Structures are given as C-alpha cells and as structure tokens.
A.B. asks: 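Here it is, the structure in full.
Keep in mind the model is a prediction, meaning the values are calculated, not measured. Because only heavy atoms are used, hydrogens play no part in the values below, and waters and symmetry mates are left out as well, while side chains stay in. Here is how names work: the chains are called A, B, and so on, in the same order as the sequence lines, proteins then strands, and each is numbered from 1.
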Amino acid sequence: MSVLRGFLWLLVFLLLGQAVVALFRLPMPSGVIGMLLLTLFFGYRGGMNPDVVHISQPLIAMLALLIMPGVVEIFFVAGQFADQWVAILTALIAGTLLSVLSSLLLMRRYLPASDAPGLAAGNAGHE
Amino acid sequence: MNDWLERLSQLPQQWFDSPIAAIALTLGAYFFGIRLFKLMHRPTWCPPMLIAAILIAVTIALLPIGIDDYNRGAGWLMLLLGPATVALAVPLYQQLPQIRALWKPILLTLPLSATLAACYAVIIAAAMGAPKEVLASLAPKSVTSPIALGLAEELGGSRALLMGALLTTGVTAIFGVEWLSRVLHIRDPRLIGLALGINGHALGTVRAFEISSAAGAFASLGMSLTGAFTAVVLPLVWHLFY
C-alpha cells in the first residue's frame, strides 16, 4: 500500500506541474516542474514522505527502460536518413565526447575540491 | 486443422490490439538485454537498452504487426516517464545541502556545458551537410527524453531520429565520462555525476546511481538543469537562425 500511496503523491505533483506549465505557459514538461515542486515541498516540510521514497527507487531505475520503446522506431525509419548516417553518427559521438571533455574540464576548474572524504572514498571503493 | 492455423495466425494481431503484449515484449526484452549484457561482460559500447531495442525491432519485423501497433501499446508504458521524472525529487532533496553549498559554481558552469553539448553536435552535423530536419533532431540530444521530445517537435525534427540520438548520446557520454575522468584523474563523484547528467540525460543518471548515490543526485541535478535551460534557450536561439 505504501508504494501505491507514494505513486499517488507523484501523480498529484505531476498534475500540479501540469497546472503550473499551463497557467504560466512554461516551455517545459510537467514532470520537471512537478519534480521541482516536490523538492520544494519536501524542503518546506523539512523531510521526505517515506511512501514517496519507497516508490521513487524502482521508478528511477526504470528511467532507462522507459526511453527504450521510443528507440525501437529508429530501426524502421532508418532508410529515410540513409545518406545522412555518417554525419549523424560523427556529430553524435564526436560531439558528445567533446562536450563531456569540456564539461569535465570546466567543472574541475570551478568546482571547489570536495572536503568530505566520505564522498571521494565512496567512489574509489566502487572502482 | 486449417481453422486452428487461421486462428493462430491472427493471434499476434489480437495480442497487440491491447497494450499488454507491447508492455510484456518491452519488459521481456529489457530483462533479456540485461542478462545478455552481463554474459558479454558489460561492454560499455553496447548497453542493455541497445540489445533490448534491437530485440524488440526484430520481434516486430518477424511478427505480422507494424511498428505503429507496438508504439500504441508501449505508449502506455511511457506514461510512467512523468511520475518517474517527479520521483527524481527524492535524490535531489537528499543532496540539497551539497547543492546549496555549490550553487554558484554550478550556475556558472552548467549553462555553458549544456550549450556546448548541443552546439558541438549541431555544428559538426551542419558542417557535414546535414539538412535542417536532422539538425533539429540532434540539437536536444543531451536533454532528458520528455523535454527532448517536446523540443524536437517544436523545432521540426524527427521523433524517431531523436530517440536514436538520445540512446547514442547516452552511451557515448557514459563511455566518455568514465574514460576521460580516468585520463584527467577526476574522482570526485559530484563532478562525475554532473558530467553524466549534463551530457548523458537519463541514461547517464542511471549509470551515476550505480556509482554512488551522491553521483546519482548530482546527475539528476545536472540532467534537470540542462533540461530546463535547454528547453528555454534552444527554441529562442534556433529561431534566430531558421
């Protein structure tokens, strides 16, 4: 039941997000606004609702699964872009590697070094 | 006997009349993809999503059903994208103290990173002669899918090409962040998480959660801020040029 109650919370904040998007004509999806509203609400309450915590973990793990159905279609329309493949793949792969490199360099330059040793240790332990 | 065969041959079409078959196929392919991914010793260039997507495509091609039949059913599954996005509030809230301490450098670097993520790809593709429709599908490639779909629609891109671009970008970003952070000796999970979220949207964020919950929270932050920033700025910039 806890999971369902948490799901209802998420749906309510999704609807609230949709309301804000519609009222202020924001060019953003309701999910993102709902997420920000829920974060603000947690901040206002000074803690998280345990029901929402329960449902959020499996749902976040599902995010990758949820974009998969959209990907399938590309195999069926591939012919349409037949003469563009080289340009598309080069742009995506080289462009992404370049942007990863620049964001890593930018943030290493401007983000102060972590003074919490636990954080760094958590990462080192994984590798 | 013929009657039976007749009924059997109509079964796929009947199955896909309701969304159940498409959802079962998607979940089945997902778990099969994960299993095969582990058997292949977790290659970074071929994530479980790609294996699963190919498997679904092959199944649809073999059965007497079309991609539209599948999409109609899978749309029900994608409804969960909304609540799943809202659920990111949990890791975001957990890391709020960390984020609050760093809001200045994040606010300085993130818009630039998000802009570069879109610009590199569009400039390379434009230089190689890609038409406007392709550019419009590539521009939102680093943005999480619910935002990216809306953006591609507004700019006049192709939905299918964008989803393919999202997958390619996610895979490349995960590979790139892990490879380049090793080269650059970056071990800070906050930085790795942000880079994964800014460049690799939901796929990068899921990967960041596997590294640590701090990396995951910073990735969700990077992903949502990149999404919000790009959603506002990209249409404005785009309409300046086209």
A.B. asks: Does any N or O in the side chain of A:R108 come within less than 3.5 Å of the main-chain N or O of B:L184, such that one atom is a donor and the other an acceptor?
C.D. replies: yes
A.B. asks: If I take atom CG from residue A:L10 and atom CG from residue A:L38, how far apart are they, to the nearest 0.5 angstrom?
C.D. replies: 6.5 Å
A.B. asks: If we define contacts as heavy-atom pairs under 4.5 Å, which of B:A202, B:A165, B:A127 has the most with chain A?
C.D. replies: B:A165
A.B. asks: Among the options B:I123, B:V86, B:L50, B:L135, pick out the one with the most heavy-atom pairs lying under 4.5 Å from chain A.
C.D. replies: B:V86
A.B. asks: Quick check on the interface: out of B:A61, B:P83, B:G176, B:G164, who has the most heavy-atom pairs with chain A under 4.5 Å?
C.D. replies: B:P83
A.B. asks: Relative to chain A, which segment of B:S158 carries a heavy atom at a distance below 4.5 Å: side chain, backbone, both, or neither?
C.D. replies: side chain
A.B. asks: Between the main-chain N or O of B:L221 and the side-chain N or O of B:S224, is there a donor-acceptor pair closer than 3.5 Å?
C.D. replies: yes
A.B. asks: Between B:T230 and B:G227 (side chain of the first, backbone of the second, donor and acceptor by atom type, cut-off under 3.5 Å), is there such a pair?
C.D. replies: no
A.B. asks: For the backbone of B:E133 and the side chain of B:S137, can you confirm whether one donor and one acceptor N or O come within less than 3.5 Å of each other?
C.D. replies: yes
A.B. asks: Could you report the tightest heavy-atom contact between B:V143 and B:A148, atom names first, then the distance?
C.D. replies: O-CB, 3.6 Å
A.B. asks: Chain A heavy atoms under 4.5 Å from B:I67: which part of the residue, side chain, backbone, both or neither?
C.D. replies: side chain
A.B. asks: Under the side chain to side chain donor-acceptor pair (under 3.5 Å) rule, what do A:S103 and B:N199 come out as? Steps first, then yes or no, please.
C.D. replies: CA-CA 8 Å; A:S103 59; B:N199 298 293; 2.9 Å; yes
A.B. asks: Is B:T26 close to chain A through its backbone or its side chain, or both, or neither, when contacts mean heavy atoms under 4.5 Å?
C.D. replies: both
A.B. asks: At a 4.5 Å cut-off on heavy atoms, which part of B:L108 comes close to chain A: side chain, backbone, both, or neither?
C.D. replies: neither
A.B. asks: With a 4.5 Å cut-off on heavy-atom pairs, point out which of B:L191, B:L167, B:T168, B:I56 contacts chain A the most.
C.D. replies: B:L191
A.B. asks: Tell me the residues of residues 48-58 of chain A whose non-hydrogen atoms fall below 4.5 Å from those of chain B, in number order.
C.D. replies: A:M48, A:V52, A:V53, A:S56
A.B. asks: Please flag which part of A:M107 lies under 4.5 Å from any non-hydrogen atom of chain B: side chain, backbone, both or neither.
C.D. replies: both
A.B. asks: How close do B:A130 and A:Q84 get, counting heavy atoms only, and between which atoms?
C.D. replies: CA-OE1, 3.4 Å
A.B. asks: Do you know which of A:L37, A:V77, A:L65, A:V71 has the most heavy-atom pairs with chain B at a distance under 4.5 angstrom?
C.D. replies: A:L65
A.B. asks: When rounded to the nearest 0.5 angstrom, what is the spacing between CG in B:D188 and OG in B:S181?
C.D. replies: 10.5 Å
A.B. asks: Identify which part of A:L11 has an atom lying under 4.5 Å from any heavy atom of chain B, answering side chain, backbone, both or neither.
C.D. replies: side chain
A.B. asks: Does any heavy atom of chain A fall under 4.5 Å from the side chain of B:E178, the backbone, both, or neither of them?
C.D. replies: neither
A.B. asks: For the side chain of B:S212 and the backbone of B:A208, is there at least one donor-acceptor N/O pair under 3.5 Å apart?
C.D. replies: no
A.B. asks: Please state whether the side chain, the backbone, both or neither of B:L180 comes within less than 4.5 Å of a heavy atom of chain A.
C.D. replies: both
A.B. asks: Chain A heavy atoms under 4.5 Å from B:L138: which part of the residue, side chain, backbone, both or neither?
C.D. replies: side chain
A.B. asks: Is it the backbone or the side chain of B:V134 that comes under 4.5 Å from a heavy atom of chain A, or both, or neither?
C.D. replies: side chain
A.B. asks: Working to the nearest 0.5 Å, report the span between CG of B:L166 and CE of A:M68.
C.D. replies: 14.5 Å
A.B. asks: Name the region of B:L196, side chain, backbone, both or neither, that has any atom closer than 4.5 Å to a heavy atom of chain A.
C.D. replies: neither
A.B. asks: Is it the case that atom CH2 in A:W85 sees more than 12 heavy atoms from other parts of the structure closer than 6.0 Å?
C.D. replies: yes
A.B. asks: Between A:F76 and chain B, which part of the residue has a heavy atom less than 4.5 Å away: side chain, backbone, both or neither?
C.D. replies: side chain
A.B. asks: B:V206 versus chain A, heavy atoms under 4.5 Å apart: side chain, backbone, both or neither?
C.D. replies: side chain
A.B. asks: So, taking the atom named CG in B:N71 and the one named CE in B:M78, what distance separates them when rounded to the nearest 0.5 Å?
C.D. replies: 8.0 Å
A.B. asks: Check whether B:P131 gets within reach of chain A through its side chain, its backbone, both or neither, counting any heavy atom under 4.5 Å.
C.D. replies: both
A.B. asks: Answer with side chain, backbone, both or neither: which region of A:F41 has an atom nearer than 4.5 Å to a non-hydrogen atom of chain B?
C.D. replies: neither
A.B. asks: Of the listed residues (B:I198, B:L80, B:L102), which shares the most heavy-atom pairs with chain A below a 4.5 Å separation?
C.D. replies: B:L80
